[in-house]
Every structure is written in structure tokens, then in C-alpha cells.
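First comes the structure, then the notes that go with it.
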Amino acid sequence: MPPNPWTSWPLREALSREGLSEARLWIGRSVRVLVVAGLLWTTLVGGTFSGWGLVAACAAIAMAFVMFWYFLRMTRERRLWPSIGLFAVLEAAAFGFYLADARMAAIVLWCACAITAMERLPLSIAVPCSSVALGAFAVVNTGTWLTTAVTTGGLGLAGYVVRLDAEARGNAQRLLAQERAARKAEAETAALAERGRIAREIHDVLAHSLSAQLVHLEAARLMIQRSTDLESDREQLLERVVACRGMAREGLDGTREALSALRGEMVSVEDFLGRLAAAEGAQLDVVGERRTLPAEAGLAVRRVAQEALTNVRKHAPGARVTVQLEYAESHVGLVVRNSGGRGKPGELARSGSGYGLLGMRERAELLGGTLESGPDEEGFVVRLWVPV
């Protein structure tokens, strides 16, 4: 519900200089300088004052402008009673100027107070104050009643128009500040999301690589622990060490690939899965019309395939593995199925964190997809569905 203008102050942005153009500021300063110069000129050359009286008149004009500046400051700070008190002092000063025969200073002060009160005070206070100032001007004006009425009404209307203009400027400044805050929050949110995405990619690559290396190192440890003749097992140990080196190289390549993917430079999903399937001895089938996938969807397919094949190596060594990539109209699917594993997982199955598929499921859900994993009739299956 918008505030009631009769009881509420104008917006703080409307009472400040914020949002004013440089040209408008200079115009305002020029008008004030001309007004002061005009008042001083009429006081000095009018012949009304001389000697110490002239000095007193100039000092009074200067004091009036100081009080008027404080009146503007009190209204900017929304201090009602000090504003009303200063307005009353300015009205008394205007009557003093009139009684001292400084008519121009009195008229300028009355008109300025009327317009400023209408612009900067709550309307329930601004209307009476402006009426008092304009009424005093109408009483002392020597023109015809029609001219006086038109001038008085025009000054009141001018004050209200200035108020509306200031309110419009204040609303524009407030909306601009809100938009800037919203953009800043959006940029911060995007930065946090990007950091999370980078951290997730690097984590997934390293978790896959290190988990695979841990499998081979665990196997080498078991061979050393159980072997009675290390010389006879030398070839197998060397094979494990070489495999670990290959996994380290694979992790480094995967990290580079993740960084390239974040920059929008990545090989196609089919090529990646083809290389991965060949390295793991799996069969790859691609169904549907091939097309370029969004970066997040493509990365999800890559990481799930890596995690699923790593799990096969850990839990079902020697199993027959098939990888199926399906392009549909609204989604992309990945199915990794293994069957007929001949090896025993034993202690190797306990290597790694155990959170691989859970992390992949969270990745899929962040993209609006699903990931299901579990045993089927022949072995174990992992199914990924991601909208594109």
C-alpha cells in the first residue's frame, strides 16, 4: 500500500540531489546566485538604506539565506518541528523586510518559502504553510485582485508540480537502486553457482581418477602382503604400478578436459564415450540422431559413465559391460549395464569414498533429471536421464 502523501514525507531520494543531472545542478546554482545578486543590488542601489542601515540590510539578507539553507536541511532530515520553526522564522523575516521597505526581499522570501514548503513537507503541513506565505504575498501585492489571484494560484500550483517532479525523480532513483541491488545479488548468485560447478567438476574428475588408482594400489598391496615370492609376482606388481600411472595420467587429462568444458571447448559425448569404452573393454551403442548437448548435460553423461565403469572395475572385475547413449527429442539417456563378473570384489570393493553414485544422482537432480542404479536380471545397471 503506497504511503499517504497528506501525512508522510516525500521520499528521501526526492529531497536530495541524487539523480539530478549536472546541467540541472548548475542551473539551480545559477538561479540562486542571480537571486542573491538581485536582492543585494536592489538593496544597495535603491536608496532606501544607507550607512549602517545598508550594512544591517545586507546582513539580514545573508542571515535569511542561512536560515533558508537550514530549513532545507531540516526537511531533508525529516525533522518536522525544526522545519516548522524555521519556516515561521523565515516568514517573520519576510515581514521584517517588508516593514523595512525591502519589498523585493520580502516577496522573494515569501514565494520561495511557499514553493519549498509545498515541495518538501507532508501535504497536511505544506498546504497551510504555503497558504500563509502566499496569503501574506497577496495582502502586500499592489496589483489588481485578478493578477494577485492568478499569481498566488500559479505559485501554489508551481510548488505542487515541483513536488510531483521530485517524487518522480525519487521513485526513479529508488527503482534504480533496487535494480542495481537485484543485479548485484544475481551476479553474486551466478558467481557462487559457477564456483560450485567448477568445484564439482574438479572433484568428480579427481574422485574418479584417485578411486581408480586406489583400486590398483590396493591390489598391489594385497599381492605384496600375501606373496611369498615377490620375484614371481614382479610382472603383476609392475602391471599394477603401470596401471596406477595410467590412472594418474587419465586424471590429469580429465582435469584438463573439465577445464576445457567449462570454457566451452570439449570433444563430443560420443567421442568421449568411445574412448572410455575402448579403454575399459566395453561395448558402446548410440541410439537416436546425434546432436550437440548443453555443457551441463554433456558433463553429467561423461561423469556418470566414468563412475559406472569405475564401479564395474572395482566390484565386478571381468564383467561384460555395455554402454548405451540415447538421444531423444527432449532428453538424453545413458545406460551402463554389466553382467557376468568373474572376479571377487573382496577388499577392493571397499576402496574409495562410496559416494560416487550419490554425487552423480545429485548432479542429475540439479539438472532436472534422474539417476537410478541397482541390480537387474543379469547384473547391475545404471540409468541416467537428463532433459536437454
Side-chain angles (χ1 to χ4, degrees), residues 9-10 12 14-18 20 24-123 125-143 148 151-152 154-156 158-160 162-163 166:
W9 289 82
R12 294 186 183 276
L15 300 180
S16 67
R17 298 179 180 179
E18 185 178 359
L20 291 176
R24 189 167 178 176
L25 288 173
W26 277 107
I27 291 175
R29 296 188 186 107
S30 302
V31 169
R32 287 191 289 271
V33 169
L34 290 175
V35 170
V36 174
L39 291 178
L40 292 176
W41 176 260
T42 55
T43 302
L44 292 173
V45 302
T48 305
F49 302 100
S50 61
W52 288 106
L54 183 61
V55 174
C58 292
I61 292 176
M63 287 297 299
F65 272 93
V66 171
M67 287 187 294
F68 192 81
W69 180 84
Y70 272 104
F71 174 61
L72 295 179
R73 181 175 177 178
M74 291 299 104
T75 56
R76 189 181 306 119
E77 296 178 0
R78 295 185 171 186
R79 300 176 62 180
L80 182 60
W81 289 112
S83 299
I84 295 176
L86 285 170
F87 181 85
V89 171
L90 289 170
E91 290 300 300
F95 275 107
F97 284 136
Y98 178 75
L99 295 176
D101 206 18
R103 293 175 55 86
M104 181 60 65
I107 291 174
V108 170
L109 196 54
W110 275 324
C111 296
C113 287
I115 294 176
T116 304
M118 185 64 69
E119 175 192 5
R120 304 174 75 88
L121 292 174
L123 283 179
I125 305 298
V127 171
C129 289
S130 182
S131 299
V132 169
L134 293 177
F137 164 74
V139 169
V140 302
N141 190 25
T142 58
T148 302
T151 303
T152 304
L155 289 173
Y160 188 68
V162 171
R163 180 191 185 93

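Only heavy atoms go into these numbers, but all of them, side chains included; no hydrogens, no water, no symmetry mates. For reference, positions follow the sequence shown, starting with 1.
For the pair Leu80 and Trp9, the minimum side-chain heavy-atom distance is below 4.5 Å. Residues Thr151 and Phe137 form a side-chain contact, since some pair of their non-hydrogen atoms from C-beta on lies under 4.5 Å apart. Using a 4.5 Å cut-off on side-chain heavy atoms (C-beta onward), Val108 and Phe97 make no contact.
Proximity of a side-chain donor or acceptor of Arg120 to a complementary backbone N or O of Met74 within less than 3.5 Å is not detected.
Taking each heavy atom of Ala64 and Leu109 in turn, the nearest pair found is CB-CD2, 4.4 Å. The two atoms that bring Ala93 and Met67 nearest to each other are CB-CE, 4.5 Å, heavy atoms only. Heavy-atom minimum distance, Gly156 versus Met118: O-CG, 4.2 Å.
We find the CG-CZ distance between Leu121 and Arg163 to be 8.0 Å, quoted to the nearest 0.5 Å. Atom OH of residue Tyr70 and atom OG1 of residue Thr75 lie 14.0 Å apart, to the nearest 0.5 angstrom. For the atom pair Ile84 CD1 and Arg79 CZ, the distance stands at 13.0 Å (nearest 0.5 Å).
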Pair Phe68-Thr116, side chain to side chain contact (heavy atoms under 4.5 Å, CB included): steps then yes or no
CA-CA 10 Å; Phe68 192 81; Thr116 304; 3.3 Å; yes
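Using the six-membered ring where Trp is involved, Tyr98 and Trp110 have ring planes that are tilted, between 30° and 60° apart.
Of the listed residues (Cys129, Ser130, Pro82), just one forms a side chain to side chain contact (heavy atoms under 4.5 Å, CB included) with Phe87, and that residue is Cys129.
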